[in-house]
Enquirer: 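Have a look at this one before I ask anything.
The structure presented is a predicted model; accordingly, all values stated were derived computationally and were not measured. Convention: sequence-line order gives letters A, B, ...; per-chain numbering from 1.
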Amino acid sequence: MSAGSRLTEDQIAQRAAMEIRDGEVVNVGAGMPFLVSQYVPPGIFAMFHIEHGILGVGKVAGGEQIDPDLLGLGRRPLIPVPGASCFSSAEAFAMLRGGHVDLSVLGAYQVSEEGDLANWIVPGQPSGVGGAMDIVKNVKRLFITMTHTTKKGEPKIVKRCSLPLTGARVVHKIFTDIAVIEVTPKGLVLEEVAPGFTPEEVQAATEPRLIISPELKEISLQS
Amino acid sequence: MSAGSRLTEDQIAQRAAMEIRDGEVVNVGAGMPFLVSQYVPPGIFAMFHIEHGILGVGKVAGGEQIDPDLLGLGRRPLIPVPGASCFSSAEAFAMLRGGHVDLSVLGAYQVSEEGDLANWIVPGQPSGVGGAMDIVKNVKRLFITMTHTTKKGEPKIVKRCSLPLTGARVVHKIFTDIAVIEVTPKGLVLEEVAPGFTPEEVQAATEPRLIISPELKEISLQS
Amino acid sequence: MNKVFASSREAVADVFDGATVLFGGWGLAGNPTNLIRALYEKGVKDIVAISNNPGTIHNGIPYDLATLIREKRVRKFIGSYHGWNQDFIEQWRTGEIEFECSPQGTMAERIRAAGAGIGGFYTTTGADTDLAAGKERKIINGVEHVLELPLPADFAFVKAKRGDPWGNLIYRYTAQNFNSIMAMAGKVTIAEVEELVELESLDVNHIHTPGIYVQRIVKGEEYERRV
Amino acid sequence: MNKVFASSREAVADVFDGATVLFGGWGLAGNPTNLIRALYEKGVKDIVAISNNPGTIHNGIPYDLATLIREKRVRKFIGSYHGWNQDFIEQWRTGEIEFECSPQGTMAERIRAAGAGIGGFYTTTGADTDLAAGKERKIINGVEHVLELPLPADFAFVKAKRGDPWGNLIYRYTAQNFNSIMAMAGKVTIAEVEELVELESLDVNHIHTPGIYVQRIVKGEEYERRV
């Protein structure tokens with residue numbers, strides 16, 4: 001076991017959120033990706049998009065604020081930010097398919113060293129593609145937030161996805177509980193490791209060879 | 001010259017309006033067709049549609065009622081009826097192309113005995129198709145209102161259109177200043193003549209042979 | 001000309017066994033709950049259901065489309081996501097329910113295409129995946145596209161916040177989702193609304209679904225708060 | 001991140017000779033008059049203009065796009081209707097202006113397709129007419145369709161009644177027309193509004209053009225009453 005401390009889901013989301021540029025429109029998927037919307041760094045104006053028809057997702061609502069007509073992913077009640085808008089599913093995907101969204105954050109079962117993504121189907125289950133295939137094809141940048149390995153400890157960052165693809169060569173950056181990895185034409189570049197983790201430990205949990213960035217650093221949540 | 005009296009544009013429109021069934025959505029084109037919207041018979045509820053994005057055209061506005069954001073065809077200011085809605089050009093044509101409109105009333109340069117329509121281009125002019133081709137393809141019934149002949153006295157109801165078609169076999173009924181003619185699989189049926197006109201006079205102003213309806217009558221604007 | 005029905009039961013009275021039905025809603029928001037309950041009580045079976053997800057099961061209780069699936073009334077489901085509905089997953093495993101999976105944005109566009117009279121369209125979505133199997137392909141500007149066809153239905157069940165007697169509808173927030181496009185695509189579109197208002201009460205500039213698309217409208221009998 | 005421009009002049013400063021520009025408006029309603037005036041004053045030429053009609057000439061005075069056409073600044077016009085603009089007709093006769101005629105509904109759908117990332121679509125519109133010349137054909141369900149391709153542009157000029165600093169827009173009545181779909185299809189969409197309001201002032205449920213589509217917004221300098 002490593003002496004390092006893994007990031008929590010919230011911390012992974014927080015680290016990913018630090019990459020958001022001022023003025024960007026960011027689509028978020030269910031689960032950990034959604035949490036990214038809750039950690040926008042101060043001074044950054046970003047508009048969060050969810051596929052079922054909202055642009056301008058704010059904080060999660062509680063108590064009196066809860067509106068049953070304003071739900072996010074997984075029944076989570078939402079508060080819209082100033083400037084938000086709601087619209088049909090067709091419009092929501094026109095934004096995605098039309099290339100109007102700057103960044104999307106999704107989860108993954110597997111990511112390959114070339115940036116292929118598998119996140120829609122596992123053997124023995126009916127498919128659950130949702131909006132993933134629409135999103136990955138036309139968004140300008142695609143981030144993945146996930147645990148570095150499966151519950152059984154198997155690498156999720158692989159040479160070649162064994163599961164059916166959601167899209168080929170679509171992922172730009174991967175944020176896990178132990179690392180930040182960029183997908184580059186030369187291969188996967190390990191840019192950051194969780195506090196206390198060594199590059200070797202990250203490599204051991206990763207199938208393809210990682211290129212260690214000359215500027216390798218520890219993940220920090222201070223911006 | 002006939003001893004009969006020709007219908008005015010308003011009277012042609014009024015006669016066509018008598019065919020509207022309760023609850024119908026009726027698209028109207030520019031000019032005489034638009035006038036149809038001003039003559040809905042009492043007791044009939046109809047919603048009038050114009051291609052640039054309104055459903056629920058009411059009376060022409062005057063004086064204080066004029067709103068520069070609420071114009072019909074040819075700069076005519078409008079008043080919406082209760083239940084009206086306004087929307088984008090894409091939505092306006094989704095209604096037409098999608099087959100949601102019950103009836104459309106358009107003008108014509110020529111109509112053939114098979115119901116072919118030519119109303120979008122004349123030699124030496126750039127084309128002016130507007131929404132006509134979108135409309136004629138998918139509307140449930142298509143009426144034409146027009147003068148029976150050109151200004152030079154040439155028939156506009158012809159065996160075969162010499163002008164390029166807007167659509168083939170699309171017209172259901174023709175309302176002119178001297179006749180009401182239905183397009184049927186057997187040919188053109190003369191159903192009504194303007195007061196004082198004889199079927200022979202109408203035939204003389206029409207190129208294809210007319211079938212005289214056994215119930216032939218004079219056009220009446222009393223419903 | 002009267003589109004207003006007195007009850008959900010009457011509004012769905014002619015929905016037949018084997019009918020294809022579009023069901024609005026996404027997760028727990030914007031579902032036509034009263035129309036679905038009426039359909040359930042009527043006992044209609046062999047339904048081809050088109051909806052984003054096969055209803056929801058929450059704490060073991062089926063909601064919306066999931067009530068029909070639990071009773072095995074749905075022959076085929078066309079949607080984007082299984083939504084972890086275990087009844088659905090089980091019936092899919094045993095072959096009792098057929099599943100046509102469509103990427104969500106493609107599905108939305110196919111429904112709109114049905115309503116808008118579009119014969120088909122090309123999209124890059126899924127072109128390099130297993131979901132492209134059997135679809136016609138075309139290279140446009142050097143990029144591979146697949147041909148997607150419209151998704152019409154015999155009936156569309158939609159839910160809106162407010163409606164008027166001519167069927168004009170207004171939705172709220174994320175409860176709009178698929179409802180407004182499904183309203184366009186039903187041969188018979190049936191809308192349930194929380195509030196049925198007078199004909200002149202809705203703002204001409206802010207109607208989401210013009211009444212032209214709606215054949216029947218009913219004030220929903222009951223709305224329970226779910227969150 | 002600032003989308004608000006101080007003047008129409010600044011908002012159109014980088015529109016180049018030869019640019020393809022979508023112009024909102026239909027007849028006299030909903031035209032981006034201030035942006036067009038700024039473009040005119042800047043002297044941009046060889047424009048490829050996409051608009052329903054080539055502006056309007058009324059009592060001999062050119063309005064909107066017709067002002068640019070009179071000065072021969074438009075190289076090509078893509079639209080549905082000549083609108084009896086005699087300058088346009090004359091230049092078309094002498095070959096000084098190229099004209100691509102698109103049926104109005106097809107044109108609207110092509111513009112939306114450009115904005116929505118659709119590679120192309122099939123329609124029956126015009127399939128049996130001269131306007132089908134050169135278009136790919138396909139029989140779908142026994143009916144002849146033509147393939148229509150998206151209509152994108154370097155810039156879209158749109159006009160709305162109200163807008164906020166993020167570019168959310170609301171239109172009024174028939175002044176919406178092509179504006180909302182053109183806003184989706186411009187690489188750079190520039191909106192002029194009669195009223196520029198605070199960020200939180202527009203109703204979340206009733207925004208016609210979400211700000212995601214709008215890169216620049218400006219309060220129009222002057223609106224003259226035309227009817």
Side-chain angles (χ1 to χ4, degrees), chain A residues 20-27 40-51 53-58 61 65 67 69-72 78-104 131 133-140 167, chain D residues 1-4 22 108-121 150-153 156 160 162-171 176 180-189 191 193 196-217:
Chain A
I20 296 172
R21 300 167 190 159
D22 190 42
E24 283 193 325
V25 173
V26 185
N27 168 269
V40 189
I44 295 292
F45 178 90
M47 288 296 252
F48 288 91
H49 175 279
I50 299 179
E51 66 193 26
I54 181 168
L55 180 56
V57 172
Q65 301 164 319
D67 184 324
D69 283 342
L70 187 37
L71 303 182
L78 295 178
I79 301 173
V81 298
S85 53
C86 286
F87 31 78
S88 74
S89 300
E91 187 75 44
F93 282 95
M95 293 175 184
L96 289 160
R97 201 190 306 101
H100 304 280
V101 175
D102 298 299
L103 171 64
S104 178
M133 283 185 191
D134 309 274
I135 292 167
V136 302
K137 270 297 195 182
N138 295 294
V139 78
K140 290 177 198 153
Chain D
M1 221 273 311
N2 183 24
K3 296 183 179 182
V4 180
L22 290 153
E109 198 66 16
R110 291 173 67 194
I111 293 166
R112 179 186 176 277
I118 299 294
F121 61 90
L151 211 44
R162 256 181 299 280
D164 71 22
W166 198 60
N168 289 309
L169 305 177
I170 286 177
Y171 309 94
Q176 174 171 175
S180 52
I181 46 175
M182 287 184 172
M184 301 169 71
K187 214 174 294 170
V188 175
T189 291
V193 293
L196 185 58
V197 300
E198 294 294 311
L199 194 58
E200 217 157 352
S201 344
L202 303 180
D203 183 339
V204 175
N205 288 305
H206 293 295
I207 288 169
H208 294 119
T209 292
I212 186 173
Y213 297 124
V214 176
Q215 281 69 48
R216 303 175 190 169
I217 186 164

Enquirer: Let me know if A:Asp22 has heavy atoms under 4.5 Å from chain D in its side chain, its backbone, both or neither.
Expert: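 Contact with chain D is through both the backbone and side chain of A:Asp22.
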Enquirer: Is it the side chain or the backbone of A:Glu24 that comes within 4.5 Å of chain D heavy atoms, both, or neither?
Expert: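 Neither part.
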Enquirer: In terms of relative ring orientation, are A:Phe45 and D:Trp166 parallel, tilted or perpendicular, with 30° and 60° separating the classes?
Expert: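 Taking D:Trp166 first and then A:Phe45, their aromatic rings sit tilted (interplane angle of 30° to 60°).
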Enquirer: Looking at D:Asn2, D:Ile207, D:Asn205, which makes the most heavy-atom pairs under 4.5 Å with chain A?
Expert: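 Of D:Asn2, D:Ile207, D:Asn205, D:Ile207 has the most heavy-atom pairs under 4.5 Å with chain A.
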Enquirer: So which heavy atom on A:Arg97 is nearest to which on D:Gly117, and how close?
Expert: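 Result for this residue pair: CD-O, 3.5 Å.
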Enquirer: For residues D:Met184 and A:His100, report the shortest heavy-atom separation together with the two atoms involved.
Expert: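 Heavy atoms of D:Met184 and A:His100 come nearest at O-CE1, 3.1 Å.
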Enquirer: Which atoms form the tightest heavy-atom contact between A:Pro82 and D:Leu199, and what is the distance?
Expert: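 Shortest heavy-atom separation between A:Pro82 and D:Leu199 comes out as O-CD2, 3.6 Å.
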Enquirer: D:Leu202 versus chain A, heavy atoms under 4.5 Å apart: side chain, backbone, both or neither?
Expert: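 Neither part.
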Enquirer: Heavy-atom distance under 4.5 Å to chain D: side chain of A:Met47, backbone, both or neither?
Expert: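 When you check distances to chain D, only side chain atoms of A:Met47 fall under 4.5 Å.
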Enquirer: What is the minimum heavy-atom distance between A:Gly83 and D:Asp164, and which atoms define it?
Expert: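 Result for this residue pair: CA-OD2, 4.1 Å.
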